[in-house]
There are 2 protein chains.
Amino acid sequence: MSEPRRQAGASVLRDLRRRIVLNELQPGTVLTELGLAETLGCSQAAVREALLRLEGEGLVARAGRQGTTVTALDRDAAEEILALRRRIETRAAARIVPRAGSGDLASLEAELTSMRGAARDGDLWAMVEADIAFHLALFRIAALPAMEPILARCILHTHRFRLWAPWHRRKLAATAARHAPILAALEARDAVALAEAMGHHLDTIVEPPTSKTKKTEETPG
Amino acid sequence: MSEPRRQAGASVLRDLRRRIVLNELQPGTVLTELGLAETLGCSQAAVREALLRLEGEGLVARAGRQGTTVTALDRDAAEEILALRRRIETRAAARIVPRAGSGDLASLEAELTSMRGAARDGDLWAMVEADIAFHLALFRIAALPAMEPILARCILHTHRFRLWAPWHRRKLAATAARHAPILAALEARDAVALAEAMGHHLDTIVEPPTSKTKKTEETPG
DNA sequence: CCTCGCACGAATATCGATAATACATCGAGG
DNA sequence: CCTCGATGTATTATCGATATTCGTGCGAGG
């Protein structure tokens with residue numbers, strides 16, 4: 001009734017993306033445009049736009065008139081994508097440090113604050129969105145705009161795979177805290193330390209914290 | 001006007017992509033959905049779908065109701081993307097060699113043949129499409145499906161930048177011939193040679209053939 | 001029993017029209 | 001003269017309806 005049909009497409013997009021990354025919509029699930037339109041209470045065009053964008057993000061595969069399916073999760077590809085992400089973000093450190101202004105630092109602090117808020121609320125999806133926003137805001141300082149969507153895609157798929165593998169789920173507060181050294185290195189204007197902090201951060205995303213003995217720092221709980 | 005309206009969206013997509021990569025539509029050009037619809041003789045929906053996909057490929061930027069513009073070309077980002085592409089394709093060599101079957105080799109031979117045909121006809125765009133098809137077909141053997149769109153994007157942007165910088169234009173026949181060593185290394189089932197051939201191929205994409213090769217070796221994962 | 005062809009159903013692709021919205025222009029007031 | 005607000009226009013966002021296409025199941029023929 002008073003449902004705001006404005007931004008229907010963006011709403012559908014966010015909803016489907018959340019459900020796919022959170023693995024509520026499992027790989028292979030078939031999505032139909034008219035079916036989603038009726039379920040979500042909007043027209044086919046809005047669903048269509050959302051599915052087009054999700055295809056661009058690699059979360060669904062559109063097979064013409066045969067329907068749209070949620071893409072599969074592949075361990076090898078996930079590891080390659082994480083390695084790619086690691087390379088992109090660590091290499092960017094040398095460009096980020098000399099370009100970071102005080103406004104950038106303030107924005108990143110704000111992102112980290114909202115991330116801690118999501119962790120305190122136990123809101124897993126808000127945590128994912130805040131993490132993506134933090135890493136993209138950091139990378140944007142590197143001034144490589146054409147690479148931002150590539151990194152965004154890598155980050156999104158990293159999260160998806162991490163959430164799919166149950167042993168990769170961890171305490172949200174610890175995840176938020178793991179970003180502090182990155183920001184500290186940036187505030188110290190130390191490019192080497194920033195690259196190392198970022199690399200270590202990414203190394204600990206999918207590795208179980210107990211698998212190696214070199215994990216001697218903050219212990220959750 | 002009697003043009004078949006079937007596949008209108010795909011036709012618009014290919015047309016706009018070609019014109020952007022070939023730099024006929026220069027960065028900053030403003031595209032309107034209804035304007036393109038009238039020019040191309042189709043409806044707004046078809047143009048809209050094409051623009052959505054082009055945005056997903058990073059060739060245009062949609063700014064809501066403020067219009068859609070052709071994205072800028074950035075030298076730094078282009079070099080980073082090429083380096084990223086080099087890493088992806090050389091790393092894939094070790095996965096490609098043990099997985100390549102005879103059918104794959106035949107397909108790649110066919111791709112190379114069509115590339116030579118495009119070179120003989122002097123068809124620059126057909127050459128670009130054939131090159132993309134060859135590299136993607138080769139990478140597909142690596143069985144990392146989630147990374148294929150990332151590589152596709154890198155290849156597309158590499159071509160766009162190469163065509164934008166006029167000194168990077170070369171003889172089409174020489175470009176086609178430069179792919180032969182890659183296929184030869186694959187047929188020899190030599191992963192190291194394949195990686196080297198691919199790396200050399202990519203190093204000579206934007207470097208003038210007479211300059212000395214400067215190796216930009218980065219820390220391997 | 002197997003294969004081929006055809007109608008049927010389901011889903012997308014496309015269309016035209018309308019609503020919503022951001023930008024530019026112009027006019028009034030200070 | 002400058003600033004601010006109302007209005008007009010251009011453009012996207014969304015909707016409902018229709019055309020097109022692909023898979024499927026059934027029946028006839030070999």
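Convention: sequence-line order gives letters A, B, ...; per-chain numbering from 1. Since the model is a prediction, treat every value here as computed from it, not as a measurement.
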Quiz item: Using a heavy-atom distance cut-off of less than 4.0 Å, which residues of residues 47-66 of chain B contact DNA chain D?
Solution: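 B:Arg48, B:Arg62, B:Gly64, B:Arg65 - these, ordered by number, are the residues of the stretch whose heavy atoms sit under 4.0 Å from the strand.
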
Quiz item: Does a sphere of radius 6.0 Å around CD in A:Glu38 hold more than 12 heavy atoms from other residues, nucleotides or ligands, not counting ones at 6.0 Å or beyond?
Solution: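 Counting neighbours around CD of A:Glu38, 12 or fewer heavy atoms of other residues, nucleotides or ligands fall under 6.0 Å, so no.
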
Starting at atom [atom1] of [X], determine the distance to atom [atom2] of [N], rounded to an integer number of angstrom.
X: A:Leu40; N: D:dC15; atom1: CG; atom2: C1'; value: 16 Å
X: B:Gln44; N: D:dC15; atom1: CD; atom2: C1'; value: 12 Å
X: B:Glu33; N: D:dA10; atom1: CD; atom2: C1'; value: 13 Å
X: B:Gln7; N: D:dC22; atom1: CD; atom2: C1'; value: 13 Å

Quiz item: Of the options B:Asp15, B:Leu156, B:Thr71, B:Leu59, which is the one that meets B:Ile20 in a side-chain contact (heavy atoms from CB on, under 4.5 Å)?
Solution: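 Going through the options one by one, the only one that passes is B:Leu59.
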
Exercise. Kindly write out the residues that satisfy salt bridge (charged side-chain N to carboxylate O under 4.0 Å, His left out) with B:Glu129, not counting sequence neighbours, or none if the list is empty.
Key: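 So B:Glu129 forms no salt bridge (charged side-chain N to carboxylate O under 4.0 Å, His left out) with any residue.
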
Quiz item: Taking for each residue the nucleotide of DNA chain C bearing the nearest heavy atom, is the 5' side occupied by B:Cys42 or by B:Leu34?
Solution: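 It is B:Cys42 whose nearest nucleotide is closer to the 5' end.
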
Quiz item: Okay, side chain of A:Arg189, backbone of A:Ala100: is any donor-acceptor separation there less than 3.5 Å?
Solution: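 Checking the backbone N and O of A:Ala100 against the side chain of A:Arg189, a donor-acceptor pair under 3.5 Å is found.
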
Exercise. Spell out, as yes or no, whether a donor-acceptor pair under 3.5 Å connects the side chain of A:Asp131 to the backbone of A:Val128.
Key: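 Such a contact is absent between A:Asp131 side chain and A:Val128 backbone.
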
Self-check item: Nearest-nucleotide comparison on DNA chain D, the residue closer to the 5′ end among B:Gly35 and B:Ala45
Solution: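 Closest to the 5' end, via its nearest nucleotide, is B:Gly35.
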
Self-check item: Nearest-neighbour nucleotide for the A:Thr32 side chain, D:dT14, C:dT14, C:dT12 considered
Solution: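 Looking only at side-chain atoms, A:Thr32 lies closest to C:dT12.
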
Quiz prompt | side chain to side chain donor-acceptor pair (under 3.5 Å) partner of B:His135, the single match among B:Glu111, B:His201, B:Arg140 | solution =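 By the side chain to side chain donor-acceptor pair (under 3.5 Å) criterion, B:His135 pairs with just one of B:Glu111, B:His201, B:Arg140: B:His201.
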
Practice problem: Report which part of the nucleic acid B:Ala46 touches: base, sugar-phosphate, or nothing (heavy-atom distance under 4.0 Å, all strands). | Solution: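 The answer is sugar-phosphate, as B:Ala46 gets under 4.0 Å only of primed atoms, P, OP1 or OP2.
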
Quiz item: Base, sugar-phosphate, or nothing for B:Leu31, non-hydrogen atoms under 4.0 angstrom?
Solution: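 Sugar-phosphate only.
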
